[in-house]
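This report concerns only the one structure given below.
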Amino acid sequence: MAVMKAPGRRRASALGLLAAGVMAVAGTATAAPATSTAADSASASASVQASTLGAQAAQSGRYFGAAVAAGKLGDGTYSTILNREFNMVTPENEMKWDTTERSRGSFNFGPADQIVNHATSHGQRVRGHTLVWHSQLPSWVSSIGDANTLRTVMNNHINGVMAHYKGKVYAWDVVNEAFADGGSGAHRPSVFQNLLGDGFIEQAFRTARAADPAAKLCYNDYNIENWSDAKTQGVYRMVRDFKARGVPIDCVGFQAHFGTGGPPASFQTTLSNFAALGVDVQITELDIAQAPTTAYANTVKACMNVARCNGITVWGIRDTDSWRSGEKPLLFDGSGNKKPAYNATLSALGGTPTAKATTKATANTATNAPAQTPAKAPAKTPASPGSAAALPGSFSWSSSGVLMSPKPDSTHNIAGLKDPTVVYYNGKYHVFASVASSSGYSLVYLSFSDWSQAASATHHYLDRTGIGSGYRAAPQVFYFAPQRTWYLVYQTGNASYSTNTDISNPAGWSAPRNFYSSMPDIIKQNIGNGYWVDMWVICDSANCYLFSSDDNGHLYRSQTTLAQFPNGFTNTVIAAQDSNKYALFEASNVYKVQGSNQYLLIVEAIGSDGRRYFRSWTSSSLAGSWTPLAASENNPFARASNVGFPSGAWTRDISHGELIRAGYDQTLTINPCRMQYLYQGMNPNAGGDYNSLPWRLGLLTQTNSSC
Ligand code: XIL
């Protein structure tokens, strides 16, 4: 059990003068990921606008499909949309091994036949999904122990399923998700990999080609949309090798299960780089958390701009049909109404949402559009909040008055409400914060749909939950999408976390667990008289990073893989340091800037007036070095000097808080347009014991945004 630091971890703000310290950086900058490619030209531009997704996609020679569940074909709303909008169908589960060959040699095609028959009678084609996959695999296969048996079984399965659907399936996902997450670029462990070695994929494709020579044969995977990712590179090398050696492969499927930020900036580059190997590319399982219009439009445009991107499939029809239904990621709502993302998708396909216009399409046909490279943000489109806007080099803000104050009760004597973290999810802001008093620190949760409701929200004290009592402070909340779990990260003396499957249920949080067995040596060596505080987790598509501060001029960074998270944080380094500890004090936030290849770091400092303020830096990599953005007292990120207080200057401190994010997942993506920062401030006349200071929460809104 970690030794807890005394709760009085921070001194009063009457601190020494701040000289303009020079920020030193450590850490290795990673190589630039960009690979620019020749532009693909769009294969055709729409000449007549259509009013459905399938018909519009067909105008450029593409298809638009949906994943379909056999059990829903009898639902009239569902099948009406299916028949009207889509011209390709993927059985969502019915062609998987655990349905088609539940016991050895005994095939069951009933559910999949229902879908294939429905598709055929409605003029829709079928993508076959999937023949060889480690998941939804019956245990009689995963428990096979010798290579010869497994090879026979795998070939027999491919032959059996493909023979039944011969001539009826346009393309097969022959192998699904064979590559590992994280930085290895290698195959993931599975019974196939473990017994048959790397060659199982090639074997499966060769068997499939012989079984139905007319079917297109695809490799399908997720998290291979970002060009520089090791996983993407691993799949790319495999496809290149297959093409070079004549192993039959015709297409690569990009699942495209995206967070709210939508596709990575390099997605089009990735599609065109694969296409340049001589395969078709397809978006096979598209869904995007909260279905932002821009994210959908960007995804569709990436495909439209690549001639060999010949189709898009969304993974379900209505939000309620989705495997991610809680995230409402699809084009139709639960009642079957078209959502804004539907119109954005139809427009990006070159169509018109009104269904009436017959004029020639002009927008979004994007002939010869250059492939985006990750290093460059796409051009900003006015009135398109999700598109990339450069961060300015200086900032100005307007502050709200006090929005949230402590709500002491009979067992919680609270002086300050502090250190807020916030996500907007399911129509609500969910705020977690520290509550401080002379007797210590614990955590509180509140939620509300609008800032005007914040003051009246109920405060749920988390010491009554699995989180327990004792020193818990400075929370950070995010949804870890790979595990479909919420994480609350906080300090206990160690860096700790609790998990919950429902952010809105305060009772659902698990007991604290520690990220580290003990304080990493490099922190012990540098912390001096400081305190280990303000843990912050952010992940890219391969790795997760844990940042923390020591109130002694150091920002630390540890690392683990996305697959290992929350375990395995190692390689702790000093990510940034300053010889003046007050210039790089604590309360760091790190974010991904939406639509760009930039990360934003802000760190709380103590100014020459003894007041708290924030400095900012950017980097192209979470493990890279940080370049000053607005990083001085005279040009701060946020300080009383660049904040207006139309409802009264209730604070001179702009202290520990966080930016309002565009999404809520582990990527911590922010939209750089009209940023908002939830912060702690306090009555400038207050003083005395640090733990008893009257911190309150307010909201800054950026006033110098160019978008
Ligand atoms: C999902 C289905 O949507 C769910 O109904 C099922 O419970 C699990 O599988 N990658 C794939 C798809 O290739 O087959 C998965 O489909 C989603 C992730």
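Numbers for residues simply follow the sequence, beginning at 1. Each ligand, and each atom within it, is numbered from 1 in the order the structure gives.
Comment: K339 engages D319 in a salt bridge, judged by a side-chain N to carboxylate O separation of less than 4.0 angstrom. Between R308 and D280 a salt bridge is recorded (basic side-chain N to carboxylate O distance below 4.0 Å).
The two residues L562 and D540 make their nearest non-hydrogen contact at CD1-O, 3.8 Å.
Taking each of M95, Q136, Q255, E92 in turn, the one with a heavy atom nearest to atom 9 (O) of ligand 1 proves to be Q136.
The distance from ligand 1 to the heavy atoms of E285 drops below 4.0 Å at these ligand atoms: 10 (N), 11 (C), 12 (C), 13 (O), 17 (C), 18 (C). Shown in contact with W133 at under 4.0 Å from a heavy atom are these atoms of ligand 1, numbered in order with element: 14 (O). Close approach to K96 involves these atoms of ligand 1, each under 4.0 Å from a residue heavy atom: 1 (C), 2 (C), 9 (O), 12 (C), 14 (O), 15 (C), 16 (O). Taking a cut-off of under 4.0 Å to the non-hydrogen atoms of N176, the atoms of ligand 1 that pass are 11 (C), 13 (O). Close approach of ligand 1 to E177 (heavy-atom distance below 4.0 Å) involves ligand atoms 10 (N), 11 (C), 13 (O), 18 (C).
Between the NE2 atom in H122 and the OG atom in S79 there is a gap of 7.5 Å [rounded to 0.5 Å]. Put simply, OG1 on T313 and CD on Q282 are 7.5 Å apart, with the number rounded to the nearest 0.5 Å.
Figure legend: cation-pi geometry between R318 and F332 absent, as NZ or CZ is not positioned both under 6.0 Å from the six-membered ring centre and within 45° of its axis.
When only non-hydrogen protein atoms are considered, atom 6 (C) of ligand 1 lies nearest to N93 OD1, 3.3 Å.
Contacts between W315 and ligand 1, counted as non-hydrogen atom pairs separated by less than 4.0 Å, involve the side chain only. For D173, no heavy-atom contact with ligand 1 is shorter than 4.0 Å.
Side-chain contact between V141 and F192: present, with at least one pair of heavy atoms (C-beta onward) separated by less than 4.5 Å.
For W323, no nitrogen or oxygen atom sits less than 3.5 Å from a nitrogen or oxygen atom of ligand 1, counting backbone and side chain alike.
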